[in-house]
Amino acid sequence: MTRDLRRMMMAGNYEESKLYKLRHSAAHVMAQAVLEKFPEGKVAIGPPVEDGFYYDFDLPRPLTPEDLEEVESRMREIIKNDSEFVREKVSAEEARQIFADQPYKLELIQGLEEGDVDEHGNPVEEKPDITIYKSDAFVDLCRGPHLESTGKIHPKAIKLMNVAGAYWRGDEHNPMLQRIYGTAWLSPKELKQYLWRLEEAKKRDHRKLGRELDLFSVSDDVGAGLILWHPRGAMIRYIAERFWEDEHVKHGYDFVYTPHIGKAKLWQTSGHLDFFAENMYAPIEIEDQQYYLKPMNCPFHVQIYKSDIRSYRDLPMRYAEKGTVYRYERSGVLHGLMRVRGLTQDDAHHFCAPSQMPKEIDFVLTFSLNILRAFGFSDIKAYLSTRPEKAAGELERWDRAEAALEDTLKRLALPYEVDAGGGAFYGPKIDLKVNDALGREWQLSTIQFDFNLPDRFDMTYIEEDGQPHRPYMIHRALLGSMERFFGTLIEHYGGAFPIWLSPVQAVIIPIADRHVEYAANIADQLKDAGLRVELDDRNDRMNAKIRDAEKQKVPFMLVVGDREMEENAVDIRRRSGERLGSMMVDDFLALALQEVEDKVVG
RNA sequence: GCCGAUGUAGCUCAAUGGUAGAGCAAUCGCCUUGUAAGUGAUAGGUUAUGGGUUCGAUUCCCAUCAUCGGCUCCA
C-alpha cells in the first residue's frame, strides 16, 4: 500500500467513499476485459489508489498502448451490460476451487486463511472473512466494497493511463507483473479536471523548465544524477543560500566546512559501512589507506565537536554546513533534481544537554518553519516517526525525545501525523513536507535525533558535577538538499520565481535603435542599485522581446521609447501582463526593491 | 537494480534497408518598431555508443549508456 493511500485512509474515509467503490469496481471491470483478451493470464491484486486504480497481471506478453485502448473500449461494453456486483462469503476450500488456476489468488487465500496478512501482505489483527465478488463474466477474490452494478460507472469518466512493471507484493525478489494504471471519476467533468491537473503538472515539470529557463542540466559525459547548475540556476541558489546563511548567523549557528572524503575507520566507527554501505561509492586508495566519498556530513561534525573538551556552558552548539555528499542511487530511481547522486545538504547538527533538549527542538522547528515560509511554502505538514522495533539507545531517551517532538508539534499547532515505528534505528524524527501550488506534497526538512553517533564516538561534555555526560545530538536538514529544494521551488512557482529569487528581475526593452543608449543608462542605474537587470538590445520588434521575457518569466519588463526618453521614465509591465504605466526610474526602483525586501510572490 | 517504452540539428518532432527533412532557436541582412512571434537568406546531423546481419544499416538484431513511466529503495 502506498504511503499516500494510507495517509488518505487515515485522514478521511476514502475507503467508505463512493469514489473508492467506483475505482475498485472499475478495477474489476478492467481485469475482466484483460482476461478476455488473455484467457491464460493470471491476475494479482487491483486496489483503488489516489486518483484511480490499478490491477496487476501476469501475462504472456508485454502490453502495448494499443492493447490499452482495446481494453478500455471493452470496459465500456461491460459497463453497458450493467451487471450487478454480487458479494458472496466462501470457505477457503471453495475459494481455492474457484481460483484453482490463479496462483496469486491461491497465495492470497492462504494468507487470508491463516489470517495474518491482508491482500497487500501487510499484517492484520483480525482474521478476515473470505469473500468473492461476481460481476458480469468475472469473479474476483475481494473484500469489497463495490458499487451496486457495473452500470454505475460512468463510461466517459474512466481512462486507462499507462502500463508499468510492479513486483508481486512489492517485493523485488518476487516476479515482475504488469500493472495497468487507470483513473476513474464520478463524472466526465471530474475526469477532465484531473487530466487538466496532469497537464498543468507537466507544464511545471522542473526538468522541462530547467531546460527552458536555462537553470540546470545533466550531461551524459559527466554522469547520471550529477547536476550542472547553469548561471541562472546558480544565481537562484546563491540568493537562497545567502538568505539561509544570514538567518543561520542570526540564530546562533556556527558554520563549519568539512572535506569530501574520510578514512574507512571513520565510517566504520560511525556505522555507515554497516548500515549505509549500499549507498556508498567504492573506496579510494591513498598511500595504502582507504578513503570513502562522504554520503553524510555527521561524522565530520562530530570530529569538530570532539576536537576539544566541551562544557555544559558551551551547549547548545549548532554546526551548520552546506555539505556536498555523494550517494549511490540505483539507476532506475534517478529523477531530475529530485533524486540525484551528488547533492548538497543544508545540514546542521545540534548538540545539547538533556535538560536543553525540549527547548532545542522548539527552536529548530520554529526556525525551520520560518525559513520554509520565507520561500513561499505556507502549507506545511509534519510527520513524526517513532521508535522502530530494532533501535539503538535506551528506551528512556527515546521516550523523552518522542515526547519533546510531539509537544513541540502541538505547541506550534502544526498539523502532523504519527508514523509509529517509522523512525530510524538511531532515533525518532520529524519530517516536514510542503504542499505546492498544485497541492502536491514534497518532503523537504528532516529533524532527527541521533542516539547512535554520540555513543559510537563516545561524545561527552562536562556537567556542573564535573563529570562527563552524553550530549543529545540532533541532525537537521532544513531545505533537504539544494537540488531537491530547487526542483520543488521550480515546480511550486512553475518557474515564475518571486522577484527576490528571480535570476533576472527586469528586462529593459528599447523600442527602436535610437532608444538603446537611454535603455543602457537605465540598466546601469538599476544594476547599481542592486537589481538584476538585462538589456534586450537585439534587433527585434518590441513585441518579440516582450514575448521572450514573458517566456523567461522575468518579473518586470521596462519598455522605453520616445515618450519615456522625454520624461526620463520607464513603462512597466509585469509578467502577469499587468501594465503599471509610465514611472520615474527612481519610483520603479523603490517599488521593485520593496518587493524584493518583502519577498513578494507573484 | 527490475519491467516496459524511447534515443534523429540547440529545442520540439518527421522520414527511409540505397549515406536525412520541418518548425522554433542560432548567424548575417532588410525593416526602426508602443505591450506575447515583422521579414529574407545562411549555416547546422558519422541518426546516443559499440558490435552483428547485409552488396549496402540511421532503419533489422545484440550489448552498453542515457532518458521517460512505474516497482523496489530514500535528501
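Chain naming here is simple, since letters A, B, ... match the order of the sequence lines and numbering starts at 1 in each.
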Between the base of B/rC73 and the side chain of A/N279, is there a donor-acceptor distance below 3.5 Å?
no

Has A/R484 got its NZ or CZ under 6.0 Å from the middle of the six-membered ring of A/W442, at an angle within 45 degrees of the ring axis?
no

Sticking with atom C1', work out how far B/rG18 lies from B/rA37, rounded to a whole angstrom.
41 Å

Any idea which of B/rU72, B/rU32, B/rG38 is nearest the A/R514 side chain?
B/rU32

Cation-pi between A/K294 and A/F300: NZ/CZ under 6.0 Å from ring centre and within 45° of the ring axis?
yes

Give a yes or no on whether a donor-acceptor pair under 3.5 Å exists between the nucleobase atoms of B/rA75, that is its base, and the side chain of A/E329.
yes

Answer yes or no: side-chain N or O of A/R169 and base N or O of B/rC71 forming a donor-acceptor pair under 3.5 Å.
no

Identify whether NZ of Lys or CZ of Arg in A/R23 sits under 6.0 Å from the centre of the six-membered ring of A/F53 and within 45° of that ring's axis.
no

Is A/Y328 near enough to B/rG1 that one of its side-chain N or O atoms lies under 4.0 angstrom from OP1 or OP2?
yes

Select one nucleotide: of B/rA75, B/rG34, B/rA26, the one nearest the side-chain heavy atoms of A/R538.
B/rA26

From the candidates B/rG70, B/rC71, B/rA37, the one with an atom nearest any side-chain atom of A/V333 is B/rC71

Of the residues in residues 367-376 of chain A, which ones touch RNA chain B at a heavy-atom distance under 4.0 Å?
none

Could you pick out which residue, A/G225 or A/N539, lies toward the 5' side of RNA chain B when each is mapped onto its nearest nucleotide?
A/N539

Verify the contact: side-chain N or O of A/R541 to OP1 or OP2 of B/rG38, cut-off strictly under 4.0 Å; return yes or no.
yes

Parallel, tilted or perpendicular, as decided by the 30° and 60° cut-offs, for the rings of A/H248 and A/Y253:
tilted

Under a 3.5 Å distance rule, please check whether A/D436 uses its side chain to pair with a backbone N or O of A/R440 as donor and acceptor.
yes

Would you mind pulling out the nucleotide paired to B/rG29, Watson-Crick or G-U wobble, both distances under 3.5 Å?
B/rU39

Give the nucleotide from the list B/rA75, B/rU67, B/rG70 with an atom nearest to the side chain of A/Y181.
B/rG70

Which listed nucleotide (B/rG69, B/rA37, B/rG38) is nearest to the side chain of A/R547?
B/rA37

Looking at the base of B/rU72, is there any donor atom on it, or on the side chain of A/R330, that sits under 3.5 Å from an acceptor on the other one?
yes

Parallel, tilted or perpendicular: ring planes of A/F216 versus A/F486, cut at 30 and 60 degrees
perpendicular

Counting only side-chain heavy atoms from C-beta out, which of B/rU33, B/rG69, B/rC3 sits nearest to A/M176?
B/rC3

Residue A/A512, side-chain atoms from C-beta onward, closest of B/rA75, B/rU32, B/rG69:
B/rU32

At less than 3.5 Å, do the side-chain atoms of A/Y167 and the base atoms of B/rG1 form a donor-acceptor pair?
yes

Would you indicate what A/H515 reaches in the nucleic acid, counting non-hydrogen atoms under 4.0 angstrom: base, sugar-phosphate, or nothing?
nothing

Which one is paired to B/rA57, where only Watson-Crick or G-U wobble pairs with both distances under 3.5 angstrom count?
none

A/R211 side chain N/O closer than 4.0 Å to the phosphate oxygens (OP1, OP2) of B/rU12?
yes

Determine the interatomic distance between P on B/rG69 and the same-named atom on B/rA15; round to the nearest Å.
24 Å

Assign the ring pair A/H260 / A/Y326 to parallel, tilted or perpendicular, where the plane angle (0 to 90°) is split at 30° and 60°.
tilted

B/rA66 - base-pair partner by Watson-Crick or wobble geometry, distances under 3.5 Å:
B/rU6

Could you tell me how the ring of A/H272 sits relative to the ring of A/F276: parallel (under 30°), tilted (30 to 60°) or perpendicular (over 60°)?
perpendicular

